[in-house]
Amino acid sequence: MATFQTLPGFREFYPEDLARRNHVFRLWRQTAVNFGFAEYDAPVLEPLELYKAKSGEEIEAQLFSFTDKGGRDVALRPEMTPTVCRLVGAKANALKRPIKWFSIAEFYRYERMQKGRGRCFNQFNADIFGEPGPEAEIELIALLVQCLCAFGLTEQDFYVRLSDRNLWFYYLEALGLDDARIRAVLGAVDRYEKYGDDAFKGYTEQFGALDPALKEKILAFLQIKSLAALEQTLANLGGKPAERLADWRKVMGGLEAMGLTRFVTVDLGVVRGLAYYTGFVFEAFDRKGELRALAGGGRYDDLVQKLGGPALPAVGFAIGDMTFSLLLEQRGLMPTFVSAPDVYCVIGGEAARRTAFADIQALRASGRRVEYPLKEVAFGKQFKQAADSGARIALIYGDDEVAKGVVKIRDLRDRSEHEVRAGDLFTVVRDFFAAD
RNA sequence: GCGGCCAUAGCUCAGUCGGUUAGAGCACCAGAUUGUGGAUCUGGGGGUCGCGGGUUCGAAUCCCGUUGGCCGCCCCA
């Protein structure tokens, strides 16, 4: 038994695991590039202050943080948002608009492990900076949907719930609540789905029981599941809520034109904690409701400035790799990756090996994937290994062939064989794969 | 941070009432097999029974602790 084990919550990627992860990353990356997003990366280790500034002191309990040898308080990054805000903020005036960036990176959180949650995980992050209007939301929700559809997932498998913290503020203001009460109500809304009426406990303790008529209106609002219902509820309010409806029509209209409304549900029950979001917020879930959130995001117009940059509106989202991979596996959409060479060389004695080596090196240099047995082994075993390897053809360098100046090519699928002159090998192999 | 369940070979698991040297299948390696296939047969490597302590003549088995895992709570940027 190994003396040293992996730290709790950390993952090791054996070749098959890494093949799956690479597959996920590859499609995410390709999708983001197709949408015109540019990839960036940044340090894994950041000043602890960066996260305290954004989320407050209590965040430290969930960080991998320590003091480095220079006496600096540092933390492994638990998320990308503060980092990307700093990057963009530092060069905001020099960057061509719109700023559409993405990254695929590893993050660390000191938390208890659970299904779909570990202490290290990967996230795909995509953000748009400098775009105050709902056009940015359309673009990002479309990207989010495509990042999942690229794997064969459909509207049967997942959906995106779209909500709006601005609208909540406007609506609750119109109902006569002050800022502190609004935040308490939003806290209750966030928990309502899970705890039902108990969700309002916190509010009651702080401000006393909520007026029944008021509560009824709040409950009705959080259960809104369509743009039409939203319009109806806000019809008589006028002012800010009515103005905000125009943004909603733009977002839903844009998504409809893209044919994406089947993936998107209006759902005012989502408010995404109380963090830094300032407008539209959205989360993606599996339809069966068995897993944790697949992705989450929203608008955070104040954060770049709060972290020392210029005032710069922003929208972004992140997809985590753990829950997402679970969903792919559940739906049978995670391919099994076979790592097969193009060519397997079957080699006789030492002299034959020297001849084979020259060809192997040349074929590999030309981009062909070539395998051969490192040690001298019996022919029968080599043919078995050739078949096991999954190679398309075997090149046979027996003593007879080498003496005749030929190489025997065996098609490992139909088991046909023919000899070619050593000088023609390159062309023949090339043509074989060109035709294959 | 709290609670429930679990831990025997790389993997899946068996192991009787506490009783001899802890087993099987799969996987891996080798041989049969210096010239033709995913087969078969034979053999091999691999274990501090998670770790530490206790009870006992004797512990994989019972007790306590601990570490790790799974699930749930808190949290989820």
Side-chain angles (χ1 to χ4, degrees), chain A residues 1-12 14 16 46 50-63 75-85 107-119 121 123 125 187 190-191 194-195 271-277 281 283 290-298 300 303 306-307 316-318 320 322-323 338 340 344 346-353 373 375-391 393-403 408-417 419:
Chain A
M1 201 53 67
T3 310
F4 298 107
Q5 36 185 314
T6 321
L7 254 15
F10 283 76
R11 296 181 290 174
E12 290 170 311
Y14 283 80
E16 286 161 27
E46 292 277 15
L50 182 62
Y51 304 111
K52 282 193 188 169
K54 192 202 118 203
S55 308
E57 295 284 332
E58 64 287 355
I59 197 69
E60 202 173 338
Q62 281 151 56
L63 289 176
L76 290 170
R77 61 183 174 200
E79 60 169 326
M80 196 55 113
T81 309
T83 301
V84 71
C85 283
F107 300 92
Y108 306 85
R109 294 179 187 177
Y110 200 89
E111 292 187 285
R112 190 80 177 149
M113 286 187 60
Q114 255 173 71
K115 190 175 187 179
R117 186 172 87 180
R119 286 181 170 183
F121 54 92
Q123 273 187 353
N125 273 263
D190 193 35
R191 293 157 172 273
K194 205 165 183 179
Y195 299 100
V271 293
R272 288 200 47 82
L274 290 166
Y276 47 70
Y277 289 108
V281 290
E283 294 188 322
E290 291 170 351
L291 303 170
R292 13 178 96 246
L294 291 161
Y300 49 100
L303 194 60
K306 196 174 169 188
L307 293 173
F317 73 87
M322 293 183 81
T323 301
V338 283
Y344 194 97
V346 173
I347 303 169
E350 269 311 307
R353 180 163 285 256
K375 289 184 298 185
E376 212 171 303
V377 293
F379 259 67
K381 181 148 285 188
Q382 290 195 56
F383 280 104
K384 190 171 166 173
Q385 283 171 353
D388 280 345
S389 77
I393 56 174
L395 296 182
I396 301 160
Y397 293 87
D399 295 334
D400 301 345
E401 286 84 358
V402 172
K408 194 181 275 180
I409 299 186
R410 181 179 177 87
D411 184 322
L412 289 166
R413 244 178 246 171
D414 64 21
R415 304 190 177 193
S416 64
E417 280 180 359
E419 290 182 348

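Reminder, nothing fancy here: chain letters follow the sequence lines and each chain counts from 1.
Shown are A:K115, A:Q123, A:R11, A:Q114; of these, the side-chain contact (heavy atoms from CB on, under 4.5 Å) with A:M322 is made only by A:R11.
Considering only side-chain N and O atoms, A:R109 lies nowhere under 4.0 angstrom from the phosphate OP1 or OP2 of B:A77. Proximity of A:K384 to the phosphate of B:U33: no side-chain N or O atom is located under 4.0 Å from OP1 or OP2. For A:R191, a side-chain nitrogen or oxygen approaches OP1 or OP2 of B:C75 to under 4.0 Å. Within the 4.0 Å cut-off from OP1 or OP2 of B:U34, not a single side-chain nitrogen or oxygen of A:K381 is found.
In this entry the distance linking CG of A:D411 with C1' of B:G37 reads 13 Å, nearest Å. Note: CZ (A:F107) to P (B:C75) measures 23 Å, nearest angstrom. Distance CZ (A:R119) to C1' (B:G1): 11 Å, rounded to an integer number of Å. Following rounding to the nearest Å, A:R11 (CZ) and B:G68 (P) show an atom-to-atom distance of 19 Å. Atoms OH (A:Y14) and P (B:G10) sit 11 Å apart, rounded to a whole Å. As a whole-Å value, the separation of A:E376 CD from B:U34 P is 11 Å. The nearest whole Å value for the distance from the CZ atom in A:R415 to the C1' atom in B:G35 is 15 Å. Atom P of nucleotide B:C73 and atom CD of A:Q62 are separated by 16 Å, given to the nearest angstrom.
Helical stems of RNA chain B (runs of at least 3 Watson-Crick or G-U pairs, donor-acceptor distances under 3.5 Å) are listed by first residue: B:1-7 with B:67-73, B:10-13 with B:23-26, B:28-32 with B:40-44, B:50-54 with B:62-66.
Both cation-pi conditions hold for A:R119 and A:Y110: the charged atom is under 6.0 angstrom from the six-membered ring centre and inside a 45 degree cone around its axis.
Remark on RNA chain B: of its neighbouring residues A:G9 and A:K194, the 5'-side contact belongs to A:G9, judged by nearest-heavy-atom nucleotide. Position along RNA chain B of the nearest nucleotide to A:A386 versus A:M113 favours A:A386 as the more 5'-ward residue.
For A:F379, whose side chain is taken as the heavy atoms from C-beta onward, the closest listed nucleotide among B:G35, B:G3, B:G37 is B:G35. Here the nucleotide nearest the side chain of A:Q114, chosen from B:G72, B:G69, B:G37, is B:G72. In this structure, the nucleotide among B:G69, B:C76, B:A77 sitting nearest to the side chain of A:I59 is B:A77. For A:K115, the side-chain atoms get nearest to B:C71 when compared with the rest of B:A77, B:C71, B:C75. Relative to the side chain of A:A378, the nucleotides B:C73, B:G35, B:U34 differ in distance, and B:U34 lies closest. Comparing atom distances between the A:K408 side chain and each of B:C70, B:G37, B:G35 picks out B:G35 as nearest.
When the C1' atom is used for both B:G23 and B:U61, the distance is 15 Å, rounded to whole Å. Straight-line distance between the C1' atoms of B:A24 and B:C64: roughly 33 Å, to the nearest whole Å. As rounded to the nearest Å, B:G15 and B:G53 have P atoms that lie 28 Å from one another. A distance of about 14 Å separates the P atoms of B:C11 and B:C70, rounded to the whole Å. Across B:G10 and B:C28, the matching P atoms stand 15 Å from one another, rounded to whole Å. Rounded to the nearest Å, the gap between the P atom of B:G72 and that of B:C29 is 39 Å. For B:G37 and B:G43, the P atoms lie 24 Å apart once the distance is rounded to whole Å. With both ends at atom C1', the span from B:A7 to B:C13 equals 13 Å, rounded to whole Å.
In this structure, A:P78 reaches the bases: a heavy-atom distance under 4.0 Å links it to at least one base atom across the strands shown. A:G348 comes within contact range of no nucleotide atom at all, as no heavy-atom separation falls under 4.0 Å. Looking at heavy-atom distances under 4.0 Å, A:E401 makes contact with a base. Within 4.0 Å (heavy atoms only), A:G320 reaches no atom of the nucleic acid at all.
Remark: the A:E417 side chain and the B:U36 base include a donor-acceptor N/O pair separated by less than 3.5 Å. Counting distance only, with no hydrogens placed and no angle test, the side-chain atoms of A:R292 and the base atoms of B:C76 include a donor-acceptor pair under 3.5 Å. Side chain A:R410 to base B:G37: a donor-acceptor pair is found below 3.5 Å.
Of the N and O atoms on the side chains of A:E46 and A:Y51, not one donor lies less than 3.5 Å from an acceptor on the other residue.
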Working note: A:N125 + A:V84, criterion side-chain contact (heavy atoms from CB on, under 4.5 Å); need CA distance, chi angles, decisive distance, verdict. CA-CA 10 Å; A:N125 273 263; A:V84 71; over 6 Å; no
Mind running side-chain contact (heavy atoms from CB on, under 4.5 Å) on A:V281 and A:V271 for me, showing each step along the way? CA-CA 7 Å; A:V281 290; A:V271 293; 5.5 Å; no
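One N or O on the side chain of A:R109 and one on the backbone of A:P78 form a donor-acceptor pair closer than 3.5 Å. In this structure, A:Q382 contributes its side chain and A:I347 its backbone to a donor-acceptor pair below 3.5 Å.
Atom CD of A:E290 sits in a crowded spot, with more than 12 heavy atoms from other residues, nucleotides or ligands closer than 6.0 Å.
Taking the charged nitrogens against the carboxylate oxygens, A:E376 and A:R353 have no contact shorter than 4.0 Å, which rules out a salt bridge.
Between A:L307 and A:Y276 the shortest side-chain heavy-atom distance does not fall below 4.5 Å.
In this structure, the aromatic ring of A:F383 is not positioned over the six-membered ring of the base of B:G37 within 5.5 Å between centres and 30° between planes.
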